[in-house]
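Along the sequence shown, residues carry numbers from 1.
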Amino acid sequence: MIAKLENVSKEYQVGDQTITALEKTNFTLKEGELTLIIGPSGSGKTTLLSLIGCVIYPSTGTLWVDGQEINSLSQNQKANLRLNTIGFVFQNFNLLAPLTAEENVMMPLILQKVQRQAAKERTQTALEMVGMMDRKKSLPKQLSGGQQQRVAIARALVTNPKIVLCDEPTAALDSKSLVVIMEELRQLADEGKSVVVVTHDPRLKPYAHRIVEVNNGFVQEVNDFTGH
């Protein structure tokens, strides 16, 4: 078990109104699994992902990630946990425009204060893993959507995180790129990482070990699907 939510909910105050983004949820993430989180827009999928990613605190309940109780951590402790334990792959890539692919991937290692030569070697390994070494000197604007997504995945993996969180990682991809990216993510899960993918895309279901559906803030396991 790498993450656990016990009776966790998330509410937001908008004026004098309380909006419940996630109802009370019990949920466990295991290493060595690719978990799909599916559901319509506004259902609470991204809220669930943000809680697991230690981006937001629960309103109620208790959240553990990598053995640490998130409710009791300071903002700095939470930032350290995100940097060292969690890799994020965003829908719009979030690559830094003035930096090359190589520099984008190396950025988390610089934040971790990894020695420069070691950082370069680890960056090269991450870029090789996603087949982007030949474009390492390219700026994001010189890359296709699929290539930018691969660089974003390399950046998420370069710190060797235990959890990889992906928010709609295939939204901008054609069918061929989708297969490449999902096979890479599935392999990471098979090698022991906990990979979580938020998606609207039913084509991703065959790559999952398990599927969780979020609807109106309620989280429910889906058992009737055919995964690999």
### Query
What is the distance from atom CG of N160 to atom NZ of K193, rounded to the nearest 0.5 Å?
3.5 Å
### Query
What is the minimum heavy-atom distance between L96 and P140, and which atoms define it?
O-CG, 3.7 Å
### Query
Within a radius of less than 6.0 Å around CG of N216, do more than 12 heavy atoms belonging to other residues, nucleotides or ligands occur?
no
### Query
Can you name the one residue among N26, L48, I70 that meets side chain to side chain contact (heavy atoms under 4.5 Å, CB included) with L5?
L48
### Task
Identify the two heavy atoms, one from P108 and one from L83, that lie closest to each other, and give their separation to 0.1 Å.
O-CD1, 3.9 Å
### Task
May I ask you to decide if E11's main-chain N or O and S59's side chain share a donor-acceptor pair within less than 3.5 Å?
yes
### Task
Indicate the atoms forming the closest heavy-atom contact of I86 with L165, along with that distance.
CG2-CD1, 3.7 Å
### Task
Determine whether S194 and T35 make a side-chain contact, defined as any pair of heavy atoms from C-beta on separated by less than 4.5 Å.
no
### Message
Within the 4.5 Å heavy-atom criterion, are M106 and R122 side-chain neighbours or not?
### Response
no
### Query
Do other residues, nucleotides or ligands put more than 12 heavy atoms under 6.0 Å from the NZ atom of K24?
no
### Query
Are side-chain N/O atoms of T18 and Q13 paired as donor and acceptor at under 3.5 Å?
yes
### Query
Within a strict 4.5 Å, meaning less than it, do heavy atoms of the M182 and L34 side chains meet?
yes
### Task
May I ask whether L157 and F90 are part of the same hydrophobic cluster, defined by side-chain heavy atoms of I, L, V, M, F, W, Y residues being less than 4.5 angstrom apart, directly or through others?
no
### Task
Determine which pairs satisfy side chain to side chain donor-acceptor pair (under 3.5 Å) with at least one residue from residues 148-159, sequence neighbours left out, and list them in order.
none
### Closest non-hydrogen atom pair between L36 and A208, with its separation
CG-CB, 3.8 Å
### Query
Under a 4.5 Å cut-off applied to non-hydrogen side-chain atoms, are N7 and T62 in contact?
no
#### Entry: Close side-chain approach of L204 to L178, heavy-atom, < 4.5 Å
yes
### Query
Within the side chain of R82, is there an N or O that forms a donor-acceptor pair under 3.5 Å with the backbone of C54?
yes
### Task
To the nearest 0.5 Å, tell me how far I52 CD1 sits from L29 CG.
4.5 Å
### Task
Would you mind listing every side chain to side chain donor-acceptor pair (under 3.5 Å) that reaches into residues 43-58, with sequence neighbours excluded?
none
### Query
Can you check whether N80 reaches Q77 side chain to side chain, under 4.5 Å on heavy atoms?
no
### Task
Report the distance from atom CZ of R135 to atom CG of L143, rounding to the nearest 0.5 Å.
5.0 Å
### Message
Under a plain distance cut-off of 3.5 Å, with no hydrogens placed, do E191 and Q187 share a side-chain donor-acceptor pair?
### Response
yes
### Query
Hey, any chance V89 and L49 share a hydrophobic cluster, counting ILVMFWY side chains that come within less than 4.5 Å of each other, even indirectly?
no
### Any pair counted as side chain to side chain donor-acceptor pair (under 3.5 Å), so long as it reaches residues 63-72, sequence neighbours left out
D66-K162
### Message
Looking at every non-hydrogen atom in both residues, tell me the closest pair between A156 and P161 and how far apart they are.
### Response
O-CG, 3.2 Å
### Message
Main chain of T100, side chain of E103: is a donor-acceptor contact present, judged purely on distance under 3.5 Å?
### Response
yes
### Task
Could you grab the distance from atom CD of E102 to atom CE of M132, nearest 0.5 Å is fine?
12.0 Å
### Task
State, with a plain yes or no, whether a side-chain heavy atom of E183 is found less than 4.5 Å away from one of V179.
yes
### Query
Going by heavy atoms in the side chains, are R210 and E33 under 4.5 Å from each other?
yes
#### Entry: Qualifying residues under salt bridge (charged side-chain N to carboxylate O under 4.0 Å, His left out), relative to D174, sequence neighbours excluded
none
### Message
Please enumerate all residues that pass ring pair (Phe, Tyr, Trp, His ring centres under 6.0 Å) together with F27, with sequence neighbours excluded.
### Response
none
### Query
Do any N or O atoms from the side chain of T20 and from the backbone of E23 form a donor-acceptor pair under 3.5 angstrom?
no
### Message
Going by side-chain hydrogen bond (donor to acceptor under 3.5 Å, both in side chains), name the residues that satisfy it together with T60, two or more places apart in sequence or in a different chain.
### Response
S9
### Message
Determine whether a donor-acceptor pair (N or O, by modelled atom type, separation under 3.5 Å) exists between the side chain of D167 and the backbone of Q91.
### Response
no
### Query
Any link between M129 and L95 through a network of hydrophobic side chains (Ile, Leu, Val, Met, Phe, Trp, Tyr) touching at under 4.5 Å?
yes
### Message
Give me the atom names and distance for the closest heavy-atom approach of V8 to L22.
### Response
O-CD2, 4.3 Å
### Task
Answer yes or no: does atom CD of Q220 have more than 12 heavy-atom neighbours from other residues, nucleotides or ligands under 6.0 Å?
no
#### Entry: Atom pair CD1/CD of I19 and Q17 - distance to nearest 0.5 Å
4.0 Å
#### Entry: Q117 and its side chain to side chain donor-acceptor pair (under 3.5 Å) partner, picked from E121, Q115, K120
E121
### Task
Is it possible for you to say whether Y207 and I163 belong to one hydrophobic cluster, with membership spreading through side-chain heavy-atom contacts below 4.5 Å?
no
### Task
Would you kindly confirm whether V197 and I38 end up in one hydrophobic cluster when ILVMFWY residues are joined by side chain heavy atoms under 4.5 Å apart?
yes
